[in-house]
Each structure stands twice: as structure tokens, then as C-alpha cells.
Amino acid sequence: MQRRTRCALFAAPLMLLLTACSAADAEPQTDGLEITHLSTIQVPDGLSPFGVPLGGLSGIDYDPATGSYLAVSDDRAEKGPARAYTLNLDLDSTGAFTLSAPEFTAMTLLTDVDGQPYPVKGVDPESIRHVPGSTSPGSADIVYTSEGDASKFIAPFVRAADSEGNMLRDFALPDYYLPVAGPGGEQSAGIRNNQAFEGLTFSADGSTVLALTESSLLQDGAVATPASGTDSRVLVFDADSGEVVDEFVYAVDPISGIYPDVLSPTGFMIKADRGATEILAIDDDEYLVIERGSVPGEGFEAQVYWTTTAGATSVNGQAALDGVQTPMPKKLLFDFADTGANPDNVEGITWGPTLADGTRTLVLVADDNFNPEGGAHTMFHILAVR
């Protein structure tokens with residue numbers, strides 16, 4: 001893949017404030033940094049652009065060349081074909097939305113290794129990024145992730161495709177990410193069901209691709225609880241070869257509070273949870289990560305953290321964590337709870353346009369889970385980075 005530096009241009013104003021960190025002191029210099037909430041829109045329920053139900057928007061990426069966005073749906077090819085949307089989100093000079101819903105201009109169908117649409121429940125797309133580089137014939141134009149389905153031992157993947165959604169190649173996953181069965185048939189290792197590759201980003205120089213799991217691998221420990229967090233994994237791939245070049249641990253915070261489980265009207269037990277849902281490059285070794293939590297009867301919470309691979313222990317090739325590794329340093333930059341705004345089920349983040357006064361924006365998308373009756377809705381948020 002040919003590449004050009006893209007993310008670095010988005011992040012340069014932020015980097016004036018988040019100065020470079022050494023391995024010995026991997027703390028951002030956040031004096032003077034302010035991230036604030038500017039605006040939110042809740043998209044009306046029931047939209048069906050291109051004749052397919054809208055929902056499940058889990059990843060988003062901005063294209064400064066066109067001013068448009070690419071958003072992927074996590075529909076497991078059940079309500080329509082696996083797909084991504086091109087859309088416009090018009091803002092005024094203050095960063096407020098000018099319309100009550102995005103303008104959807106195109107739908108890209110994502111296809112499997114055989115060139116055919118994915119089978120029902122054969123894919124779970126969660127994050128998507130434009131390839132920062134040439135769009136010459138045969139080149140990769142997008143990279144997206146799938147969580148697979150650990151309950152059916154379907155492997156996750158990180159996949160490159162052309163602008164038409166045609167699969168070009170997969171990035172090479174270590175075997176210990178694959179869901180495998182133990183002697184009794186139960187899963188014994190690999191990604192957890194519905195908690196695999198939620199996040200994806202190119203490094204600022206475009207040389208690497210990072211994929212972030214929502215929660216720990218089964219062999220690495222438990223999911224987040226009120227007493228303890230969970231160890232997500234960050235795989236670092238060479239963008240050209242697709243081979244793994246490094247790997248780190250990102251420590252997700254514990255669930256904030258102790259809440260009882262709630263029985264849904266359909267008899268499903270709903271538990272509080274928390275995980276990492278997206279990663280976005282700031283510089284070559286610095287990133288933003290969204291942590292999103294869901295609390296029965298209380299709704300959703302979401303925070304944006306700064307983090308870095310500097311000072312973190314490489315766990316490249318380590319099939320199971322040994323508990324002595326140093327995770328990626330992190331610091332809370334923004335919490336929706338401080339604003340009074342409802343984050344809803346936030347799963348995607350991208351750098352957005354620069355406002356007239358020079359303010360950089362972050363654009364976040366919330367996934368409705370195709371279940372507005374359950375309290376989740378398709379929403380977009382604009383944050384200002386000053």
C-alpha cells in the first residue's frame with residue numbers, strides 16, 4: 001500500500017499541547033489543553049438509506065479531501081448486506097450540526113474472500129479507516145475489522161479492501177487470537193465473543209496499523225468488573241506487509257460503580273460492562289482511546305483517554321499475559337459525565353474538520369444496536385480540541 005501522512009496533519013494542533021513523552025515519563029503535558037462538547041444529534045429512528053435499515057454504526061473516518069465520512073455498520077449481514085456508508089455531516093462555524101440527520105450519499109457493500117457477500121452471521125464489522133495513500137488501481141482503499149463470532153469459533157480479522165468493498169487481503173493474526181475449543185468443546189482461548197477488534201487506526205505516518213480489542217483475550221484474564229479492569233490487546237501491523245511488528249496491553253478501567261444485573265423483557269440477563277471501543281492516532285506513538293460502559297437501568301458512559309506505546313512492555317508473540325507487563329500509560333482527557341450530554345453507545349471516533357477559529361474537532365458516533373426500544377440510538381457528537 002502506498003501511503004501519505006494524513007493523521008499527523010489532523011493532530012498537529014493537539015500535539016502543540018500534548019508534547020512528546022519519553023519512556024521514563026510517558027505523561028502528556030496537558031496544561032492548557034481543553035476538550036469540550038460542542039453538539040450532538042440523535043438521528044431519527046427508522047431511516048433506510050438505499051433501502052437497507054440504518055443502524056449499528058460502529059466505526060467512522062473523516063476524509064478531509066472530500067469533507068465526507070465513512071461509517072461502517074456492525075450488522076452481521078442479518079438486516080442487509082455487510083456495508084459501509086459515505087455520508088456528510090454539515091457543521092456551522094461553531095461546530096453545531098446544521099441538519100437533524102446526516103446526508104447519506106453512497107453505500108459500499110463489503111465482500112468476503114470469495115468475492116461474494118458475507119453470509120448471515122459470518123462477519124461483525126466494527127471499525128473502518130481510509131488507507132492514507134494512493135488509490136491507484138488494485139491498491140487498498142479501506143481497512144476494516146471484524147469481531148468474528150467466538151461462540152461459533154469464527155475468527156476475527158483485519159482486512160484490506162478496495163473502494164468498492166472487494167476484499168484484497170487479510171492482515172496476519174497471531175494464532176492465540178483465534179477462538180479455539182478445549183477438550184469438552186467449550187472455548188479455551190482466543191478473543192471473547194463480541195469483544196474482539198473494536199478499534200482500528202493508522203499511525204500518524206501511515207507506516208503501521210493498530211487493532212484494539214474491546215476486552216481481554218480469554219486466556220489473559222477476566223472482563224471488567226467493579227473491582228478490576230480488563231487487559232485489552234493492541235496489535236501493531238506493518239501497513240505494507242500486513243505482518244505483526246509489535247503488540248501491547250491497554251488497561252481498561254473497572255466498571256464505575258456496583259449495579260445489579262437486570263432481567264430484560266425477553267428473559268435475557270443484562271449485566272454492566274465496560275470496554276475499549278476505538279483508537280485514533282495523535283502522533284507516531286500517541287493515541288486517543290474511547291472507553292465505553294453500559295450500566296443496566298443507568299444508561300451509557302463514555303470517556304476519551306490519551307495513551308501511548310512509549311514505556312509500555314512489548315508482549316509481541318506472548319500467547320498469554322504473565323501479569324508483570326507494563327500497560328500503555330493513559331490519562332483521562334474527556335468524560336461525557338462532566339457535560340450532562342448523553343453519550344449513548346459511543347463506538348467510533350475520528351478527527352473532523354477544522355472550525356473557522358482554528359479549533360480542531362473530534363467526531364464520535366454511537367451505535368443503536370438496531371434496538372431503539374432498548375435505549376440506544378444512532379447519535380453523532382462533536383468535541384472541540386483547544
Side-chain angles (χ1 to χ4, degrees), residues 1-10 49-52 54-77 80-90 102-119 122-146 156-171 197 199-211 237-242 278 280-281 347-353 363 365:
M1 287 184 282
Q2 295 180 339
R3 303 183 301 276
R4 58 187 167 89
T5 301
R6 186 164 174 265
C7 296
L9 295 178
F10 296 172
F50 310 102
V52 179
L54 177 68
L57 299 187
S58 297
I60 189 168
D61 201 38
Y62 177 64
D63 183 357
T66 63
S68 64
Y69 298 82
L70 186 65
V72 70
S73 172
D74 68 3
D75 179 9
R76 297 189 181 195
R83 60 199 178 275
Y85 297 97
T86 302
L87 56 112
N88 295 321
L89 289 167
D90 292 333
E103 176 191 13
F104 292 90
T105 60
M107 185 173 74
T108 300
L109 303 185
L110 305 175
T111 57
D112 207 346
V113 293
D114 58 0
Q116 298 301 309
Y118 288 98
V123 67
D124 184 5
E126 291 292 345
S127 186
I128 194 166
R129 298 293 180 191
H130 296 97
V131 173
S134 170
T135 56
S136 57
S139 69
D141 297 300
I142 58 175
V143 177
Y144 64 99
T145 68
S146 170
F157 62 70
V158 178
R159 181 161 290 179
D162 65 18
S163 60
E164 302 300 315
N166 299 306
M167 182 267 190
L168 296 178
R169 65 181 175 89
D170 281 339
F171 289 70
F197 292 127
L200 183 74
T201 190
F202 279 85
S203 59
D205 65 2
S207 66
T208 58
V209 176
L210 286 78
F237 302 92
D238 179 85
D240 286 327
S241 70
E278 191 57 281
L280 178 66
E347 293 202 2
I349 185 172
T350 180
W351 292 104
V363 181
V365 66

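Counting all heavy atoms, side chain and backbone alike, Ala77 lies closest to Pro119 at CB-O, 3.6 Å. Nearest heavy-atom pair across Val52 and Pro81 is CG2-CD, 4.4 Å. Minimum interatomic distance between Ser163 and Asp141 (heavy atoms only, all atoms of both residues): N-OD2, 2.7 Å. Leu87 and Pro102 make their closest contact through CD1-CB, 3.8 Å (heavy atoms, listed as atom of the first residue, atom of the second, distance). A pairwise comparison of heavy atoms in Ala281 and Ala204 identifies CB-N, 4.0 Å as the closest pair.
With hydrogens and angles disregarded, no donor-acceptor distance shorter than 3.5 Å links the side chain of Asp74 to the backbone of Ser58. Between the side chain of Asp238 and the backbone N or O of Asp240 there is at least one donor-acceptor pair closer than 3.5 Å. Remark: the backbone N or O of Gly165 is not paired with any side-chain donor or acceptor of Thr108 at under 3.5 angstrom. Within the 3.5 Å criterion, the main-chain N or O of Ile60 finds a donor-acceptor partner in the side chain of Arg129. Within the 3.5 Å criterion, the main-chain N or O of Asn166 finds a donor-acceptor partner in the side chain of Asp162. With hydrogens and angles ignored, the 3.5 Å screen pairs no side-chain donor or acceptor of Thr208 with any backbone N or O of Phe237. Side chain of Asp205 to main chain of Ser207: a donor-acceptor pair is present (N/O by atom type, distance under 3.5 Å, no hydrogens or angles).
Annotation: side chain of Leu210 is not in contact with side chain of Leu200 (no heavy-atom distance under 4.5 Å). The closest side-chain heavy-atom distance from Phe197 to Ser146 is not below 4.5 Å. In this structure, Leu89 and Tyr62 have side chains that are not in contact, with every pair of non-hydrogen atoms separated by 4.5 Å or more. Using a 4.5 Å heavy-atom threshold, the side chains of Glu278 and Ser127 count as touching. Using a 4.5 Å cut-off on side-chain heavy atoms (C-beta onward), Val123 and Arg76 make no contact. Under the 4.5 Å side-chain criterion, counting only non-hydrogen atoms from C-beta, Val209 is not in contact with Thr201.
A distance of 12.0 Å separates CG in Leu110 from CE in Met167, rounded to the nearest 0.5 Å. Expressed to the nearest 0.5 Å, how far OG1 of Thr145 lies from CD of Glu126 amounts to 6.0 Å. Annotation: the span from Thr350 atom OG1 to Leu70 atom CG amounts to 10.0 Å, rounded to 0.5 Å. Taking OG of Ser68 as the start and NE2 of His130 as the end, the distance is 6.0 Å to the nearest 0.5 Å.
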Report task. Could you walk me through whether Trp351 and Asp61 pass side chain to side chain contact (heavy atoms under 4.5 Å, CB included), step by step? Result -> CA-CA 8 Å; Trp351 292 104; Asp61 201 38; over 6 Å; no
Query raised in the report: How far apart are the C-alpha atoms of Val158 and Tyr144, what are their side-chain angles, what is the distance that settles it, and do they pass the side chain to side chain contact (heavy atoms under 4.5 Å, CB included) test?
Result: CA-CA 6 Å; Val158 178; Tyr144 64 99; over 6 Å; no
**Report entry** Candidate pair Arg159 and Asp112, rule side chain to side chain contact (heavy atoms under 4.5 Å, CB included), full reasoning
**Finding:** CA-CA 10 Å; Arg159 181 161 290 179; Asp112 207 346; 3.3 Å; yes
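Between the side chains of Gln116 and Thr111, no donor N or O sits under 3.5 Å from an acceptor N or O. Side-chain atoms of Ser73 and Asp75 form no donor-acceptor pair, as typed in the model, at a separation below 3.5 Å.
For the side chain to side chain contact (heavy atoms under 4.5 Å, CB included) criterion with Tyr69, the lone passing option out of Leu57, Thr86, Val363 is Val363.
Ring geometry, Tyr118 versus Phe157: the interplanar angle falls under 30°, so the pair is classed parallel (tilted spans 30 to 60°).
Under the 6.0 Å distance and 45° angle rule, Arg83 does not count as a cation-pi partner of Tyr85.
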